[in-house]
**Student:** 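Could you have a look at this structure, given as structure tokens, before my questions?
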Amino acid sequence: MRKTLRRPVLLIGFVITLALFAVALLSLVWTPFPPTKMNIVHKLKAPLDFGLLGTDQFGRDVASMLMVGAWNSLSTSILAVLLGASVGTAVGVVVAMRRGWLELVVMRGCDIIFAVPPILSAMMLGAFIGSGRFTAIIAIGVFMVPVFARLSLGAALQVWTRDYVTAAVSMGRPKAKITLVHVLPNISNQIIVQITIQLGLAILTEAGLSFLGLGMPPPTPTWGRMLADAQTFLGQAPWLALMPGLAIALAVLGLNMLGDGLRDLLDPRDNS
Amino acid sequence: MISILIRRTLSLAITLLVVSLLIFTVMDLLPGDPAAIMLGTSASPETLAALQKQLGLDQPLPVRYLAWLAGVFRGDLGQSYTYGVPVAGLIGERLAVTLPLALIAIFLSVTIAIPLGVQAARKHNGVFDFAAGLFSYVSIAVPAFWVGLLLIILFSTMLGWMPAGGFPGWDAGLLAGLKALLLPAVALALPQAGVLTRVARAAVLEVMNEDFVRTARAKGLSEGVAIWRHAVPNALVPVFTMLGLQFTFLIAGAVLVENVFNLPGLGRLAYQALSQRDIIVMQDVVLFFSALVILMNFLVDLAYLVVDPRLRANAQ
């Protein structure tokens with residue numbers, strides 16, 4: 001009953017996420033106007049006065065900038081989450097295989113990494129190696145490692161108690177092989193759900209970093225910097241602050257709903 | 001209980017030490033000489049050498065780390081390169097803004113989330129539940145700094161009720177200070193409230209059908225009393241755990257919201273330190289924030305043990 005009730009969540013999430021990806025990919029081949037082309041004559045035009053969503057202080061088309069921003073935000077976030085997911089999952093399954101003091105050390109390590117918000121680590125990194133996409137990916141990705149390490153450790157430990165794993169152990173299969181053949185495939189659903197949810201968080205964080213000027217450098221449009229630029233014109237052109245924020249919120253909402261929907265669909269605990 | 005306390009405190013101390021070592025080493029391993037970064041490209045070799053000596057950069061890493069750590073213990077966090085004052089004083093000054101901001105935000109988020117979550121659980125699968133679910137979905141998805149911008153547009157630019165930013169200082173009076181912190185606190189509280197509403201709802205749903213709540217109902221207590229006096233207190237544990245876990249995000253949010261509202265808080269200090277290349281201030285602020293997160297989680301852990309005797313037995 002609950003499952004059918006929550007299916008709309010999956011559907012809505014899927015549609016929003018699909019639209020987000022479609023817009024991001026479309027921006028690679030087409031935008032209404034060149035997103036970085038300045039057109040001072042048409043600066044600070046209201047939506048529909050010039051283009052679909054108006055123009056910014058340099059006369060750049062807001063709709064085009066949003067489209068390219070979708071690609072920049074999404075690609076940075078995906079790379080960051082993939083970094084965190086691959087390293088975190090590898091750590092998690094290895095620890096589940098070895099246990100002992102390694103588990104204690106790694107878990108404490110996770111606590112420690114989790115204690116430094118990505119905004120701060122991006123600032124530290126930014127001071128030395130400069131801000132930019134690479135810094136953002138590392139800062140967000142490293143913060144994601146503990147999330148995936150904890151999740152995959154917990155899930156993998158459960159798999160290790162299953163009968164088929166015990167059977168494999170008693171047949172003398174090496175632990176590394178059991179991890180690859182039995183553990184990883186059985187925890188992959190949970191990892192995929194978590195990737196979706198963390199992607200939403202990564203988009204929020206990336207927007208925050210760009211807002212502070214710690215993301216991709218200008219003139220590359222990012223949602224975060226569009227908001228930072230809009231701050232100067234809140235009285236004059238409040239709509240400039242509206243659209244990028246809506247885009248971020250919608251993207252995160254879609255991914256979170258998709259993640260929740262997928263969890264309900266894939267999580268075997270819910271079938272009981 | 002005392003032995004647990006000692007063990008936990010010991011583990012806390014070790015964690016803090018490792019964090020400090022980690023932050024120090026990462027800052028050290030990153031390419032670039034802090035003195036050169038602080039001075040920029042136009043500095044003469046003599047100035048560079050002098051600053052390197054002043055920062056102790058001519059010493060080996062372990063010596064510098066121990067010196068820094070010893071300083072931290074004495075409350076001496078070093079000298080800010082740009083402000084020319086002790087960093088400890090700077091942090092204390094800025095904390096007078098960030099701490100009240102965070103506390104008001106936490107207070108607001110809890111006061112929104114608990115009634116909403118409890119009511120959603122009581123009206124499980126009803127219209128209110130749906131609305132509360134929608135609220136948490138949306139509020140988790142909106143960036144706090146964007147909410148801040150929207151609040152400024154609405155309450156400052158359009159209605160003119162609130163200041164658009166800045167902080168008059170506590171000398172200007174409690175009311176003026178609180179007024180300056182209200183909008184930022186609301187912006188900061190909203191995403192937290194979304195998360196907490198979810199947790200509160202799930203927790204109340206879980207306890208609602210426990211024996212002790214049924215007993216409370218059976219002995220003739222009204223539904224409201226049974227829920228608020230018996231179910232809710234038991235459901236608070238996960239809510240406060242989440243509050244502890246969310247502390248990292250609260251701090252990240254504060255860094256952004258302080259920048260939106262031009263508040264002279266710790267987050268803005270870190271940001272200014274970055275743009276002014278004041279490495280020492282940044283290192284200290286990052287350590288301070290991280291220690292705060294770890295301490296917060298430690299306190300939540302302890303609160304657990306106090307609240308729930310079952311966990312005390314398990315921890316033995």
Side-chain angles (χ1 to χ4, degrees), chain A residues 1-2 5-6 9 12-13 108-109 111-131 143 200-201 203-205 207-209 211-214 223-224 227-228 230-231 234-236 238-239 241-242 244-246 248-257 260, chain B residues 11 14-15 18-19 22-23 26-27 29-32 34 37 125 133 137-138 140-147 149-150 152-154 156-158 164 191 245 247-253 255-256 259-260 267 270-271 273-275 277-279 282-283 285-286 289-294 296-297:
Chain A
M1 179 66 187
R2 199 174 136 242
L5 266 177
R6 287 190 63 163
V9 170
I12 298 171
R108 286 283 93 163
D111 290 348
I112 290 167
I113 294 176
F114 207 67
V116 185
I119 295 256
L120 292 180
S121 42
M123 283 183 177
M124 288 205 301
L125 278 175
F128 285 88
I129 58 175
S131 309
F143 185 73
L201 188 65
I203 287 181
L204 272 180
T205 313
L209 291 178
F211 183 76
L212 289 179
L214 295 166
W223 291 343
L227 282 176
Q231 210 181 345
L234 285 185
Q236 229 175 323
W239 61 86
L242 219 58
L246 266 180
I248 298 167
L250 207 61
V252 180
L253 183 72
L255 284 162
N256 283 347
M257 290 180 99
D260 278 2
Chain B
S11 143
I14 294 173
T15 313
V18 175
V19 169
L22 197 79
I23 292 174
V26 166
M27 297 288 262
L29 284 182
L30 287 170
I37 289 175
N125 281 342
Y137 261 123
V138 172
I140 291 170
V142 295
F145 61 95
W146 183 53
V147 177
L149 289 177
L150 294 184
I152 292 177
I153 292 177
L154 184 63
S156 308
T157 318
M158 290 167 77
L245 287 176
F247 200 68
T248 301
F249 299 101
L250 191 76
I251 283 176
V255 174
L256 287 159
N259 274 292
V260 171
Y271 180 67
L274 171 73
S275 38
R277 298 157 180 272
D278 201 336
I279 309 278
M282 240 169 60
Q283 184 171 303
V285 173
V286 173
F289 272 143
S290 314
L292 215 58
V293 172
I294 292 167
M296 196 67 182
N297 285 325

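Here is how names work: the chains are called A, B, and so on, in the same order as the sequence lines, proteins then strands, and each is numbered from 1.
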**Student:** Rounded to the nearest 0.5 Å, what separates atom CG in B/Leu150 from atom CG in A/Leu234?
**Tutor:** 9.0 Å

**Student:** Tell me, side chain or backbone of A/Leu242 under 4.5 Å from chain B's heavy atoms, or both, or neither?
**Tutor:** both

**Student:** By a 4.5 Å heavy-atom criterion (distance strictly below it), what part of A/Phe114 contacts chain B: side chain, backbone, both, or neither?
**Tutor:** both

**Student:** When only pairs under 4.5 Å are counted, which of A/Ser121, A/Gly208, A/Gly109 shares the most heavy-atom pairs with chain B?
**Tutor:** A/Gly208

**Student:** What's the separation between atom CD1 in B/Ile294 and atom CD1 in A/Ile112, rounded to the nearest 0.5 Å?
**Tutor:** 6.0 Å

**Student:** For the candidates B/Leu292, B/Val285, B/Ile251, B/Val260, which exhibits the highest count of non-hydrogen atom pairs separated by less than 4.5 Å from chain A?
**Tutor:** B/Val260

**Student:** For chain B, which candidate among A/Leu212, A/Val116, A/Leu250 shows the most heavy-atom pairs at distances under 4.5 Å?
**Tutor:** A/Leu212

**Student:** At a 4.5 Å cut-off on heavy atoms, which part of B/Thr157 comes close to chain A: side chain, backbone, both, or neither?
**Tutor:** side chain

**Student:** Given a strict heavy-atom distance threshold of 4.5 Å, which part of A/Ile113 is in contact with chain B: side chain, backbone, both, or neither?
**Tutor:** neither

**Student:** Does A/Ala249 have any side chain to side chain contact (heavy atoms under 4.5 Å, CB included) partners at least two apart in sequence or in another chain, and if so, which?
**Tutor:** B/Val142, B/Trp146

**Student:** Let me confirm one number: the CG-OH distance from A/Leu214 to B/Tyr271, rounded to the nearest 0.5 Å.
**Tutor:** 7.0 Å

**Student:** When rounded to the nearest 0.5 angstrom, what distance separates OG in B/Ser290 from CG in A/Leu120?
**Tutor:** 6.5 Å

**Student:** Nearest 0.5 Å, please: how far is CG in B/Asn297 from CG in A/Asp111?
**Tutor:** 7.0 Å

**Student:** Between B/Val19, B/Val293, B/Leu256, which shows the greatest number of heavy-atom pairs under 4.5 Å with chain A?
**Tutor:** B/Leu256

**Student:** Could you tell me whether the side chain of B/Val286 reaches within less than 4.5 Å of the side chain of A/Met123, counting heavy atoms only?
**Tutor:** no

**Student:** Tell me if a side-chain donor or acceptor on A/Gln231 pairs with a main-chain N or O of B/Leu149 at a distance below 3.5 Å.
**Tutor:** no

**Student:** Does any heavy atom of chain A fall under 4.5 Å from the side chain of B/Phe247, the backbone, both, or neither of them?
**Tutor:** neither

**Student:** Relative to chain A, which segment of B/Leu245 carries a heavy atom at a distance below 4.5 Å: side chain, backbone, both, or neither?
**Tutor:** backbone

**Student:** Mind checking the CZ-OG1 spacing from A/Arg108 to B/Thr15? Nearest 0.5 Å is all I need.
**Tutor:** 4.5 Å

**Student:** What pairs with A/Ile248 under side chain to side chain contact (heavy atoms under 4.5 Å, CB included), at least two apart in sequence or on another chain?
**Tutor:** A/Ile203, A/Leu204, A/Ala207, A/Trp223, A/Leu227, A/Val252, B/Pro143

**Student:** Is B/Val147 in contact with chain A via its backbone, its side chain, both, or neither, using a 4.5 Å heavy-atom distance?
**Tutor:** neither

